[in-house]
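All chains are named by letter (A, B, ...) in the order of the sequence lines, taking the proteins before the strands, and each is independently numbered beginning at 1.
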2 protein chains.
Amino acid sequence: MSLRHALLGLLADTPQNGYDLTKRFEETLSGHAWNAGHSQIYPELKRMTADGLIEVVDEGSRGSKVYGVTDAGRTELRRWMFSPVGDTPPRNEFVLRLFMLSSLDLPDVRVLTERMAESSGERVTGLDHAIEQIEAATPAGQPHGYARFAAEFGRRYYELQRDWARWVLEQLETAHRPAGSTNSEAGSATRRESR
Amino acid sequence: MSLRHALLGLLADTPQNGYDLTKRFEETLSGHAWNAGHSQIYPELKRMTADGLIEVVDEGSRGSKVYGVTDAGRTELRRWMFSPVGDTPPRNEFVLRLFMLSSLDLPDVRVLTERMAESSGERVTGLDHAIEQIEAATPAGQPHGYARFAAEFGRRYYELQRDWARWVLEQLETAHRPAGSTNSEAGSATRRESR
DNA sequence: AAGCCCATGTAACTGGTTACATGATTCT
DNA sequence: AGAATCATGTAACCAGTTACATGGGCTT
């Protein structure tokens, strides 16, 4: 139940209402960490209040409820942070596709892998720009916030996708196995990369 | 509906039964690509058969059904492979935790981040060994170079986690900001009043 | 007054996980 | 004979998504 802890973490940073939390998710977490819409967030906030992890600390002008973390909530958050990561089952469509590449014939594979490497590369440069902007907006000497960390992770991740796609392409090129058959050479042709 | 295409891809590589597919998922996809248990796979195979994407091509000795991809299935698989990646919402507990780091005080952050970098590092060396074994034990003509690709992605991914965690730690050390306070200017991690 | 952003909620549905259930074959 | 593995299924539940619904306040 990671949604709960994500909310706890965000509220521990800044007390805020459900609407703001929804935006915060959208902006910082939905890229690489976690995702949730408002229809999931509001009910969870109620449950968390019932469980004593958070409480309404203020009411905004239009009747919005500003939530803050209780002591019990802070304890729970820390407990979770120090508990072992029960790895969440992966759902990565990009990687899935790369694994399914061998179902296509070589020309298709070439086109697709190049395209994948390219689009990952574009996202890298996109994030490079975003990082520049973040750094420009941060006064010298001041530490950057979450956004900088998120962007850095994103950049590195897309770099990884790009480089891995290139590497796979290279493997497939050198292996040049016939379409449709289970490959015979790919395994033995692999030994050449860094380590 | 990526499960469908994952199954399609696996079956395009080798016709097999639900049991084998379940294992294949576990072995190769559940690391970084996609996840599914048998209770999800069997019903989906039925639906796919009903939709004409796959068909029973053989029956094993103990009444197992060996599925193969139909022409329609192959067409659909290719269509999917070339369609734009509708990025799947992320669920990454590790990254989520790293984003929540600031809710702890500096000593806790240090301990945790080091631990995270460490455990990622362990997984890197673990995968290094796995890769060695795959490369050593690949008899010419075997089921997949998939495993090699998967392992490579995994290694690079954990490397990324490790290095990023180290980098975050470094940032936090040099910034050395006091516990609990959010710095004011940085990116989206800004304190704002709720309206 | 019209339109946008703020703000909160519920309902229906889909996808995914856990648990329950069964039986055949192979290995020791 | 007993255990492990092969093999397939269903049911209950939980998490997450999409759609529906409403109203206040702010700006133009």
Side-chain angles (χ1 to χ4, degrees), chain A residues 1-8 10-11 14-27 29-30 33-51 54 56-67 80 86-93 96, chain B residues 1-8 10-11 14-27 29-30 33-51 54 56-67 80 86-93 96 192-195:
Chain A
M1 217 200 272
S2 291
L3 170 63
R4 171 163 294 210
H5 297 104
L7 291 171
L8 223 37
L10 291 176
L11 289 176
T14 316
Q16 54 197 303
N17 62 35
Y19 185 83
D20 289 334
L21 284 166
T22 306
K23 277 194 307 178
R24 196 58 56 87
F25 253 94
E26 182 67 28
E27 287 161 16
L29 300 182
S30 82
W34 209 264
N35 192 268
H38 81 275
S39 66
Q40 209 185 347
I41 290 173
Y42 287 115
E44 185 62 27
L45 288 172
K46 274 193 178 167
R47 264 174 261 136
M48 289 166 75
T49 307
D51 293 348
I54 59 176
V56 177
V57 293
D58 196 10
E59 308 232 345
S61 41
R62 316 181 198 37
S64 77
K65 290 167 215 159
V66 180
Y67 291 93
W80 175 74
D87 32 17
T88 323
R91 318 258 130 180
N92 190 326
E93 220 187 303
L96 177 60
Chain B
M1 216 198 269
S2 290
L3 169 64
R4 170 162 295 209
H5 298 103
L7 292 171
L8 223 36
L10 291 176
L11 290 175
T14 316
Q16 55 197 304
N17 61 36
Y19 185 83
D20 290 333
L21 284 165
T22 306
K23 277 193 308 178
R24 197 58 56 88
F25 252 94
E26 181 69 28
E27 288 161 14
L29 300 182
S30 83
W34 209 264
N35 192 268
H38 80 275
S39 65
Q40 210 186 345
I41 289 172
Y42 286 115
E44 184 62 28
L45 289 172
K46 274 193 178 167
R47 265 174 260 135
M48 289 165 76
T49 308
D51 293 348
I54 58 175
V56 177
V57 292
D58 196 10
E59 307 234 343
S61 42
R62 342 116 184 79
S64 77
K65 291 167 215 160
V66 180
Y67 291 93
W80 176 74
D87 33 14
T88 322
R91 312 262 113 118
N92 190 326
E93 220 187 305
L96 178 59
R192 28 145 57 189
E193 301 310 317
S194 48
R195 275 140 300 212

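Not one side-chain nitrogen or oxygen of A:Y42 sits closer than 4.0 Å to the OP1 or OP2 atom of C:dG9. The phosphate of C:dC6 (OP1 or OP2) has a side-chain N or O of A:Y19 nearer than 4.0 angstrom. Between B:K65 and D:dG9 there is a side-chain polar atom (N or O) within less than 4.0 angstrom of OP1 or OP2.
The side chain of A:W34 approaches D:dG16 more closely than any other nucleotide in the set D:dG16, C:dG9, D:dA15. Nearest to the side chain of B:K23, among D:dG16, D:dT8, D:dC6, sits D:dC6.
Between B:W80 and A:E93, the closest side-chain pair of non-hydrogen atoms falls below 4.5 Å. A:N17 has its side chain out of reach of A:Y67: every pair of non-hydrogen atoms, C-beta onward, lies at least 4.5 Å apart. Contact of the A:K65 side chain with the A:T49 side chain is not registered, since no non-hydrogen atoms from C-beta on lie closer than 4.5 Å.
A salt bridge links A:E44 with A:R47: the distance from a Lys NZ or Arg NE/NH1/NH2 to an Asp or Glu carboxylate oxygen falls below 4.0 Å.
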For this session: Spell out protein contact along nucleotides 17-28 of chain C as letters: B when the base is contacted, S when just the sugar-phosphate is, - when no protein heavy atom is under 4.0 Å; keep the 5' to 3' order.
Result: BBB-----S---

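In this structure, NZ of B:K46 is placed 7 Å from C1' of D:dG9, rounded to the nearest angstrom. D:dC6 atom P lies 13 Å from atom CZ of B:R24, rounded to whole Å.
The environment of CD in B:E26 is sparse: at most 12 heavy-atom neighbours from other residues, nucleotides or ligands sit within 6.0 Å.
Across A:D58, A:T22, A:L21, A:V57, a single residue satisfies side chain to side chain contact (heavy atoms under 4.5 Å, CB included) together with A:Q16, and that is A:L21.
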